[in-house]
Amino acid sequence: MASRVGPMVIGTDGADFEHRQRVAAHYQISAINKSRLKYCIFFHYLLFFVMLAKLSADILDRLDIFILEIEELAVPQPLWWEYIWCLSIFMSFVGLSAAKGNRMKDMHKYMIGLVLFGIAPMFYCFVYYFGDVIDYLTLEEGANVEDTDIVIWNGLPYGLLWYAFVMVGFQVHGFSLYFAWNLITAWRSRTSTRKAQ
C-alpha cells in the first residue's frame, strides 16, 4: 500500500487488489433486474392509462355522467377482457413490493397474477380479433372497407388497433416475467450460498 508521505509498503507492488472483496454476482444480477423490472412496470402503467382512456366512455356511462366530447368519439363498447386486463395493474404493486423486500413467494404471485390477468386476456383479444385483422389484411385493393364486417373506428380497423396494443403488452409483460424470473433465480442462489456457509 502507498502512503501519502512515504514510499510504498515493502512487499507489495500494487497488484494485490485481487484479494479484496467484490460484490457477489447474484447481488449484481438482483440489482440490475430490479431496475429493469421497475422500467417494465412503468410501461405497464402507461398501457393501463391508455386502456383507462379507452374505457372512460363506458365508465362514465355506468356512472351516469355525460361528457359530450367523449360521447362524440363513439368508442366501441368494451369487452370483458379489457376490464380483466385492468386488474393486472394490481399485480404490479405485488411485484414492486416483492422486489423491494427480496421475497420469492411474492414474486411468484406476481408472475402468476401477470399471466392470469395480463397475458391471458390479451391472448383472448389476439384470438378474438384475428378474423377481422386477416380480413383487413387480405382485402382486395380498391375495395371499400365500409362494405365489409370489419369494425372501423375513426377510419382505422379496430382489430388492428388492438393488435398494436397487444403486441406492446406482450413485450412489456414478457420482459416483466423474464426479469422477475431472473430475480427469483438470483435470490435462490443467495439463499443456497448462505445455507452452504
Fill in the blank from the handout: Taken to the nearest 0.5 Å, the spacing of M107 CE from T185 OG1 works out to 11.0 Å
Completion exercise
Residues at least two apart in sequence or cross-chain that pass side chain to side chain donor-acceptor pair (under 3.5 Å) with D132, listed by chain then number, are none
Handout entry: Flag, side chain of Y124 to backbone of W81, donor-acceptor distance under 3.5 Å
Key = no
Would you mind writing out the side-chain donor-acceptor pairs for residues 166-182 within the sub-3.5 Å range, not counting sequence neighbours?
residue: H173; atom: NE2; partner: W85; partner atom: NE1; Å: 3.2
residue: S176; atom: OG; partner: V172; partner atom: O; Å: 2.8
residue: N182; atom: ND2; partner: N33; partner atom: OD1; Å: 3.2

Problem - Within 6.0 Å of OH in Y128, more than 12 heavy atoms from elsewhere - result: no
Exercise for the section: Find the distance between CD1 (I89) and CG (L47) and round it off to the nearest 0.5 Å. Expected result: 8.5 Å
Fill in the blank from the handout: A57 and V75 have their tightest heavy-atom pair at CB-CB, 4.4 Å
Completion exercise
The side chain to side chain donor-acceptor pair (under 3.5 Å) partners of S88 (sequence neighbours excluded) come to H44
Exercise for the section: Using side chain to side chain contact (heavy atoms under 4.5 Å, CB included) as the criterion, list what pairs up with I65, not counting sequence neighbours. Expected result: L60, L63, I67
Practice task
Indicate, with yes or no, if M104 and F93 share a hydrophobic cluster defined by side-chain heavy-atom contacts under 4.5 Å among Ile, Leu, Val, Met, Phe, Trp and Tyr.
Solution key: yes
Completion exercise
side-chain hydrogen bond (donor to acceptor under 3.5 Å, both in side chains) pairs touching residues 109-122, sequence neighbours excluded, are none
Problem - Separation between CH2 of W187 and CD1 of I29, rounded to the nearest 0.5 Å - result: 13.0 Å
Fill in the blank from the handout: The reported gap from CD1 in I184 to CG in N102 (rounded to nearest 0.5 angstrom) is 11.5 Å
Exercise for the section: May I have all residue pairs that pass side-chain hydrogen bond (donor to acceptor under 3.5 Å, both in side chains) and include part of residues 45-57, sequence neighbours excluded? Expected result: Y45-S92, K54-E82, K54-Y158
Exercise for the section: State the CD1-CG distance between I119 and L114, to the nearest 0.5 angstrom. Expected result: 5.5 Å
Practice task
Verify the cluster assignment for L160 and F130: are they in a single hydrophobic cluster under the rule of side-chain heavy atoms below 4.5 Å apart?
Solution key: yes
Handout entry: Parallel, tilted or perpendicular: rings of F126 and F123 (30°, 60°)
Key = parallel
Problem - Within 6.0 Å of CZ in F66, more than 12 heavy atoms from elsewhere - result: yes
Exercise for the section: Indicate yes or no: at least one non-hydrogen side-chain atom of I59 is less than 4.5 angstrom from one of L52. Expected result: yes
Handout entry: Joint hydrophobic cluster, F43 plus I32, side-chain heavy atoms closer than 4.5 Å
Key = no
Problem - Listed once per pair and sorted, the salt bridge (Lys or Arg N to Asp or Glu O under 4.0 Å) pairs that draw on residues 34-52, sequence neighbours left out - result: none
Practice task
Return yes when atom OH of Y39 has more than 12 non-hydrogen atoms of other residues, nucleotides or ligands closer than 6.0 Å, and no otherwise.
Solution key: no
Exercise for the section: Mind jotting down which residue pairs meet the salt bridge (Lys or Arg N to Asp or Glu O under 4.0 Å) criterion with at least one end in residues 162-171? Sequence neighbours excluded, please. Expected result: none
Problem - Spacing of OH belonging to Y129 relative to CG belonging to D135, to within rounding of 0.5 Å - result: 14.0 Å
Fill in the blank from the handout: By salt bridge (charged side-chain N to carboxylate O under 4.0 Å, His left out), D58 pairs with (sequence neighbours left out) R62
Practice task
Apply side chain to side chain donor-acceptor pair (under 3.5 Å) to S97 and list each qualifying residue two or more places apart in sequence or on a separate chain.
Solution key: R103
Practice task
Please tell me if the side chains of P157 and V133 come closer than 4.5 Å, counting only heavy atoms from C-beta onward.
Solution key: no
